[in-house]
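Written out below as C-alpha cells is the structure these notes cover.
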Amino acid sequence: MRRAAANVAIGCGVAGTAAFLAAAYFAREVVVPKPGRKEDLQIRRVFHDADETLMVELAASARTTAPGRYSIWFANGTGHACIGEVVASDDAARTVTRRVERVDSGDLVTAKAGIWSGYVYATPEPLGLPYSDVQIPVENGMAPAWKFPPTQPSGDSSTWAIHIHGLGGSKAGALRGVPVADRLGYTSLVVSFRNDRDAPASADGRYHLGQTEWHDVEAAVSYAVGQGARQIVLFGWSLGASIALQLAASSEFRDRISRLVLNAPVVDWSSTLLANARSGGLPGWVARLGLQMLSSSRMRWIPGLDAPLSFPTLDFLARADELRVPILVIHNDGDRSTPFAISREFVSRRHELATLVTFPSAEHTQEWNSDPDGWDAAVENWLRNGPPSSPLSV
C-alpha cells in the first residue's frame, strides 16, 4: 500500500512538474521576441509566361489560394516579392500559380522556400510617395520612423496619422494604411517601438503587450504635435490596436486623438491568450497558470519580465466606457489568432462610437490583403464622412 501511495505521489509530482513547465513555456512564448520565422513555404518554380509576366508556383493551401495581394520573404529575410492574383491552380498536383507583381530584393527565380506574409511593402519605396526617415526620442534612445508628407494640396495637413504595427512585426507592416491617409491629405508617421528590432529594446527585452510600448508611441504623438499636428488619427494593427486604445484612454495627448482605425485588434489580452491556448490544445488551467506567471510580481522572473503585466489594464472590454473617440474596427471571423467575437462584443458595448467592418480573410491582420481596394474605400469613407449610423459589412 505504501509503495502504491508513493507511486501515486511520484506520478502527481511528475504531472505537476510537466504542467508547470508547460505553463512557463506558454508564458515565455507570449513575451519573448522570436528571432524569425521558418521558411516553410515551398516555392515549386518561378517562370515567365507567354507575355513575359513573372509567375510563381506554390504548394496550394488556404493561405496561398486566398484572393488578394500578399508577399513572400525568402533568402533568410533578404529577399522580398509582392504576390498578386491567382492565375491557375492544379488540384491533382495541389499547386497554385500566382502573378508576381514585383520583386523588391533578392533573386526569386532561384528561391526554393520562403515565408508567406501580408507585408506587401517591405520598405516605403514601392508606395511611390515622398517620405523621410525621422528619429523619435524614446526612453532608451531613438526610435526610427517614416514620415510621409501629404501629397494632396487640398487636404488637411494638420491631421496626422500614426501607424502602429503588431506583435513580432516591424513598421513595414503598417505601411498598408499610408495610401488612404495620403488621399485624405494627412501627414503619416509610421513608427517603431521597444523590442521590435528597430527601436531600442527595453531593459528586460520582453514584450509587455502594450502596457509599456504605448509610451514609445506617445513619444511619436508628441513629435507630431510638436510639428504642428492638431488632430491625430491612430491606425493600429493587432497589438498596435491595443497600443492605440491605451493612448486614447491614458495619453496626455488624448484630446488630440480624433479617430481610431483598429485592424484585427487585441481588445482583451487575457481572453485572447486563453483562446490561443485552447486552439493549441493547452488545458485552460495550465494556460491560466501561465497568465499568473506573467501577472504575478513573485513569478514574473519565470518569463523574464522586469515588472508584472496588469491584465485588467490590458482589457478594453472592461475599459470600453473610458473611450471617447469614434472607432472603426476591421476584422474577420476566420481570425484564428485574435477572436472575432471579442471585437464584436467590444463594438456592441460602445455601439454609439464604434463601427465594425468585416472582410473575408484566411489570416490574422490580412483583411487589407484580401481586398485592398475595398479596405481603402471603407476606411476613407469612414474617415471622410464620419461614423455611419449603422455598421458596414464588406
Side-chain angles (χ1 to χ4, degrees), residues 33-49 51-91 93-128 146 165-179 190 196-198 237-238 263-264 332 334-337 359-373 375-376:
K34 309 300 185 295
R37 290 169 55 191
K38 180 181 179 182
E39 292 185 349
D40 56 0
L41 173 67
Q42 183 182 6
I43 299 175
R44 298 289 181 88
R45 65 184 180 123
V46 180
F47 62 97
H48 289 90
D49 69 1
D51 297 327
E52 291 300 308
T53 301
L54 192 62
M55 301 287 180
V56 60
E57 183 182 282
L58 308 166
S61 67
R63 292 178 175 179
T64 60
T65 59
R69 302 176 68 204
Y70 301 89
S71 73
I72 296 174
W73 294 90
F74 57 96
N76 295 317
T78 63
H80 182 268
C82 176
I83 308 301
E85 65 182 333
V86 173
V87 296
S89 60
D90 187 330
D91 294 338
R94 296 181 180 178
T95 61
V96 61
T97 300
R98 303 187 72 124
R99 188 184 310 277
V100 179
E101 293 189 5
R102 65 175 195 277
V103 178
D104 297 321
S105 60
D107 183 5
L108 182 63
V109 174
T110 61
K112 301 302 180 184
I115 297 169
W116 191 253
S117 171
Y119 281 33
V120 165
Y121 308 107
T123 64
E125 282 79 6
L127 289 173
W146 291 314
H165 68 76
L167 185 70
S170 69
K171 60 186 187 295
L175 287 170
R176 289 169 285 184
V178 170
V190 183
D196 68 358
R197 298 186 297 278
D198 286 329
W237 301 76
S238 189
N263 199 104
N332 77 88
D335 192 332
R336 294 172 294 176
S337 178
F359 287 85
S361 175
E363 294 294 326
H364 179 56
T365 70
Q366 292 186 4
E367 290 80 4
W368 180 94
N369 301 85
S370 68
D371 184 2
D373 292 339
W375 192 98
D376 283 1

Would you check if the side chain of [X] reaches a backbone N or O of [Y] as a donor-acceptor pair within less than 3.5 Å?
X	Y	result
Arg99	Val87	no
Asn369	Gly118	yes
Thr78	Gly106	no
Asp196	Asp198	yes

Intermediate values then yes/no, side-chain contact (heavy atoms from CB on, under 4.5 Å), Val109 and Val103: CA-CA 10 Å; Val109 174; Val103 178; over 6 Å; no
Close side-chain approach of Tyr70 and Ser370, heavy atoms under 4.5 Å: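 Yes, close enough: below the 4.5 Å cut-off.
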Inter- and intrachain pairs under salt bridge (Lys or Arg N to Asp or Glu O under 4.0 Å), touching residues 110-120, at least two apart: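 Those involving residues 110-120 do not exist here.
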Minimum-distance pair of heavy atoms, taken over all atoms of Arg102 and Arg69: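 Scanning both residues completely, I find the closest heavy atoms to be NH1-NH2, 3.8 Å.
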Distance in Å, Thr365 OG1 paired with His165 NE2, rounded so as to fall on 0.5 Å steps: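 Going from OG1 on Thr365 over to NE2 on His165, the span is 12.0 Å.
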From Asp376 atom CG to Arg176 atom CZ, the distance as rounded to the nearest 0.5 Å: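 So the CG of Asp376 and the CZ of Arg176 are separated by 11.5 Å.
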Residues forming a side-chain contact (heavy atoms from CB on, under 4.5 Å) with Asn76, sequence neighbours excluded: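 Only Glu39 meet the side-chain contact (heavy atoms from CB on, under 4.5 Å) criterion with Asn76.
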Side chain to side chain donor-acceptor pair (under 3.5 Å), paired with Asn263, selected from Trp375, Trp237, Trp368: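 The option that passes is Trp375.
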Verdict with reasoning, Thr95 to Leu58, per side-chain contact (heavy atoms from CB on, under 4.5 Å): CA-CA 6 Å; Thr95 61; Leu58 308 166; over 6 Å; no
